[in-house]
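Structure record follows, encoded as structure tokens.
What you are looking at is a predicted structure, and each value in this text was computed from that prediction instead of being measured.
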Amino acid sequence: MMTIIQDIRYAIRAFGKSPAFFLTTVATLALGIGASTSIFSVVNGIALRPLPFPDADRLVAVYATDEDGESNSHSGANF
């Protein structure tokens, strides 16, 4: 435990001698943590959270196929 306290004191003295490096380090860490958090929030909302439907794994999409084999959306009458 004593070595950790000595390391913390040394770090404070070193950062006191070069405050620009300290501020750059803190800003870089803040941007990295913020970017990681925001990316995880987006991925969690889009890909990881299950759909809000019962039996969401049974949802399907229906497309109409024309003579060329291309899939297109369709109207209710075609369905």
Side-chain angles (χ1 to χ4, degrees):
M1 186 70 171
M2 191 63 177
T3 58
I4 294 173
I5 294 171
Q6 289 174 348
D7 288 342
I8 292 172
R9 287 180 184 168
Y10 176 74
I12 291 171
R13 282 195 311 266
F15 287 140
K17 291 179 183 177
S18 58
F21 176 73
F22 174 72
L23 292 176
T24 304
T25 304
V26 170
T28 303
L29 284 171
L31 287 172
I33 292 170
S36 297
T37 303
S38 62
I39 289 171
F40 175 76
S41 296
V42 170
V43 169
N44 186 37
I46 293 174
L48 301 178
R49 187 172 297 154
L51 294 173
F53 301 109
D55 296 328
D57 57 336
R58 297 184 57 164
L59 292 176
V60 296
V62 179
Y63 293 97
T65 305
D66 59 8
E67 293 83 22
D68 298 332
E70 295 182 19
S71 296
N72 297 316
S73 60
H74 61 87
S75 66
N78 287 343
F79 180 67

Qualifying ring-ring contact (aromatic ring centres under 6.0 Å, His included) pairs, either residue in residues 21-44, two or more places apart: Phe15-Phe22

Please report the shortest heavy-atom distance between Gly16 and Pro19, naming the atom on each side. O-CD, 3.9 Å

Taking atom OG1 of Thr28 and atom CD1 of Ile33, what is their separation to the nearest 0.5 Å? 11.0 Å

Roughly how far, to the nearest 0.5 Å, is the CG atom of Asn44 from the CD1 atom of Ile39? 13.5 Å

Starting at CG of Leu31, measure out to OG of Ser36 and round the result to the nearest 0.5 Å. 10.5 Å

